[in-house]
2 protein chains.
Amino acid sequence: MALQELVNKLRMILPHEAVLYEVEDLKPYECDGLSAYRALPLVVVLPYTEEQIIKILQLCHAMRTPVVARGAGTGLSGGALPHTQGVLLSLAKLNQIVAIDPLACTARVQPGVRNLAISEAVAVYGLYYAPDPSSQIACSIGGNVAENSGGVHCLKYGLTVHNIVKLQIVMIDGEQLEIGGEGLDSAGYDLLALMTGSEGMLGIVTEITVKLIPMPEKAQLVMAAFDDVIKAGNAVANVIGAGIIPAGMEMMDKITIHAVEKFLHAGYDLNAAAILLCESDGSAEEVTDEIKRIYAIMQQSGATKISTSRDEAERLRFWAGRKAAFPAAGRVSPDYYCMDGTIPRKRLADVLRGIEKLSQEYGLRCMNVFHAGDGNLHPLILYDANQAGELERTEEFGGKILEMCIHAGGTITGEHGVGMEKINQMCVQFGKGELEMFHAVKAAFDPMGLLNPGKAVPTLHRCAELGAMHVHRGEERFAELPRF
Amino acid sequence: MALQELVNKLRMILPHEAVLYEVEDLKPYECDGLSAYRALPLVVVLPYTEEQIIKILQLCHAMRTPVVARGAGTGLSGGALPHTQGVLLSLAKLNQIVAIDPLACTARVQPGVRNLAISEAVAVYGLYYAPDPSSQIACSIGGNVAENSGGVHCLKYGLTVHNIVKLQIVMIDGEQLEIGGEGLDSAGYDLLALMTGSEGMLGIVTEITVKLIPMPEKAQLVMAAFDDVIKAGNAVANVIGAGIIPAGMEMMDKITIHAVEKFLHAGYDLNAAAILLCESDGSAEEVTDEIKRIYAIMQQSGATKISTSRDEAERLRFWAGRKAAFPAAGRVSPDYYCMDGTIPRKRLADVLRGIEKLSQEYGLRCMNVFHAGDGNLHPLILYDANQAGELERTEEFGGKILEMCIHAGGTITGEHGVGMEKINQMCVQFGKGELEMFHAVKAAFDPMGLLNPGKAVPTLHRCAELGAMHVHRGEERFAELPRF
């Protein structure tokens, strides 16, 4: 039997306890953070070394067995959903910080290291790793590379791709590559950027050299309430238009404010239609000056209430509500579905109105929390999985939000990846030419298509079956399409 | 005859004056900024529209004719060197700024637009385009994308890849693609980064959407002289270690200081072994504070003389010498050859000593000018092309410098690209696995290898013939190799 043969061969590479194949052992791996999709793999493997990974991949390549990589399993788009006929390759045991170079401001880490563990390890040098996904306590840096994760600070400090300099990868045939380098640029095609965000489809990352940056001397937060979402959206544009790049620029709508204030008592204005949190970090003088300018812009933009954090405790309290928005959703609703689309900042009001309309249409509430500075929306659709048909309605509602983002000239993902979740919307976002190019790139790395099959890039056949209409250039050419 | 057939067919696409094939018409296109390499193409075409480009590429594809794209021809690595059996595709006539969106801080421009022309066009909105190669008066944005160009401000503001959001490209078979988007991230593989710096090997860029940033309120410059290059190198590390990311951080060595001061009278200290120029930009308060901190660090780092620009005229005067370093080289020597390698900052002193040793060995003077903040060296080897064998010695000397950069854990290009110039050093920088992957990516875009053949990525055969030894991970694993 094929499974037994696979297990036997894997056990020649790994200790017995690192090869799981009984259903009860496989269960914990049946989904990632997107629990609406579940599947059991044939086998889960838990290698400890790069050498073991090379042998596992060589074996899977020889046996033509699909391989799905998994970090901490916190991903929100189903990128680590197992393949029922494949091996789930957990990178959790590769969790060493290999080297820290405080002079060069870099650290070499294995893929299973938790995001926050890097900052903790380098804090002694006054350094930290900037990208901070909400899940940073748990999520692994390898997963961050696979999804090109962001966080509240990515407006100023960039996504994962902007904060890594070098990758060691193993290809499906076991070949090792080293891509990128410590220089600002690197010769040859930019395979580092190509790998980043490729959702485990091109190769397996076995070591990451991350950039570290000095901890800012000071951080301070302005919290501004608005009686109108449009005014809040304009305030965001005004801050950025003034040449300020805030360390964070977050928006919450009324339903979110109420949901979090109820549990957190962060001091949010319950009368507000929207609240902006705008952070400045840097040297003390720089922050004092920037906060002054932000305050003035919020005033000019019609804020009804503005507070500036007076100390670190207050800054953290202001943030607490925003950071607890997802758990708060879990407390006001049995289930919630977190979406992730990006739109040009100027279309914010239109899209929020569109979401409100869809919310009524589908009879489902939606909390809006977002990285306003870069137009990255995180609508949280509230639903009850125990109500027949509600999950399906939620998925449809979510799909419509993503399509609306594309129509507004935006994109279907800000930082969570495509995975299984948004694969149909890829047919709307991209045309035949772009999809063909994605498949050609995939084939260059993985000609047999064994790495994470079925994720991230839909087949042309799938798009044809869906009859999805590709939107070329968003609003520019489709001004006649329904506006929301 | 094949040429006549090609010309006839091209004339069905373009007006007669846009198809050049007489030797005297081809001559101006025989080289780019690296004039040591020259070749005449079969034909030069000068299309005006994307439609014409599509038809030209379809024709070349059908006739299996190589195509080399050319912007302004200011490149320094021979990336636009014509193919003797191919078409040289000049993008100079596509020179329109298509749209400016001051709210989104973006501009859509055609590839032939000059780098500086973008900043000039958007100045009215208080915006500018950050990457500023030395050639920015002349070089085109399309060429900047092809080479992933930098400039003195790229330490703070990034390379071209960090300052563009979207590309329209035409593939060799005429297929049009639109890659990237206005969001911070984009779904699918990162083809935008892959195209950027791909030296015309993957596709032809027909439109670029660039990011614009607000002009800083103030810029100020600290000029510090050191009696020792190592102290200057340490000062660079100290500034960056203090969490300051200067808008520019440039170093010049003694021979450069003397060469430029002679002609420019920028006020450089002729007794100095090295001079650092360190610029701060931002709001007035931020700059005042940062300049104070930079000044203190220069003092602590042992600077023998420190001046701070008192006004804009003085700031520009301090810069004038650095900006005139290349022309100054041309005044102290009949010819000069500008190299472009990048090293980890901490290896600066070692590499400078190594260059000095090579300079004696080859009997050729070398001026050292560099973007010190990001370790990007621009050694200028001074030679006389009229002396038999001197060009060959210069090329060999240059090659050794690049190999030394690799041994120091760096890379062979900072911002000029590989082109023809550094193709042999690619064999030293990369192993078989990486080179094979580059070829696989190339084949995914251009299966017949018609776009800019022979540039940027050497064949494995070439590397084998050279007998070049690939240096894996630079100094880390090859500590036993000769140190300089």
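In what follows, every chain begins at residue 1, and chains take the letters A, B, ... in the order their sequences are listed.
Environment of CD1 in A:Ile213: crowded, with over 12 heavy atoms of neighbouring residues, nucleotides or ligands closer than 6.0 Å.
Heavy atoms closer than 4.5 Å to chain A are found in both the backbone and the side chain of B:Leu177. Neither the backbone nor the side chain of B:Met215 comes within contact range of chain A; no heavy atoms are under 4.5 Å apart. Heavy atoms of A:Asn376 lying under 4.5 Å from chain B are absent altogether. With a threshold of 4.5 angstrom between heavy atoms, B:His162 approaches chain A through side-chain atoms but not through N, CA, C or O. In this structure, chain B has a heavy atom under 4.5 Å from the side chain of A:Glu436, while its backbone stays farther away. With a threshold of 4.5 angstrom between heavy atoms, A:Phe445 approaches chain B through its backbone and through its side chain. With a 4.5 angstrom heavy-atom cutoff, B:Cys154 touches chain A via backbone and side-chain atoms both. Heavy atoms of A:Val441 lying under 4.5 Å from chain B belong to its backbone as well as its side chain.
Note that the CE atom of A:Met437 and the CG atom of B:Leu202 stand 7.5 Å from one another [nearest 0.5 Å]. We find the OG-CG distance between A:Ser186 and B:Leu159 to be 11.0 Å, quoted to the nearest 0.5 Å. Going from atom CD of A:Glu434 over to atom CD of B:Glu175 covers 7.5 Å, rounded to the nearest 0.5 Å.
Comparing A:Ala443, A:Gly150, A:Ala187, A:Gly375 by how many heavy-atom pairs each has under 4.5 Å with chain B, the most go to A:Ala187. Counting heavy-atom pairs under 4.5 Å between each of B:Val418, B:Thr106, B:Asn148 and chain A puts B:Asn148 at the top. Contact count versus chain B (heavy atoms, under 4.5 Å) is highest, among A:Thr342, A:Leu103, A:Leu191, for A:Leu191. Each of A:Gly188, A:Ala284, A:Gly126 has some count of heavy-atom pairs under 4.5 Å with chain B, and the biggest count is that of A:Gly188. When A:Pro102, A:Pro214, A:Gly158 are compared by the number of non-hydrogen pairs under 4.5 Å with chain B, A:Pro214 comes out ahead.
B:Arg345 approaches A:Ala104 most closely through the heavy-atom pair NH2-O, 4.4 Å.
Taking the side chain as every heavy atom from C-beta outward, B:Lys346 and A:Asp101 approach each other to under 4.5 Å. Under the 4.5 Å side-chain criterion, counting only non-hydrogen atoms from C-beta, B:Lys442 is in contact with A:Tyr189. Residues B:Glu285 and A:Glu286 are not in side-chain contact: their nearest non-hydrogen atoms beyond the backbone lie 4.5 Å or more apart. Taking the side chain as every heavy atom from C-beta outward, B:Ser283 and A:Arg293 approach each other to under 4.5 Å. With a 4.5 Å cut-off on side-chain heavy atoms, B:Thr196 and A:Asp190 do not count as touching.
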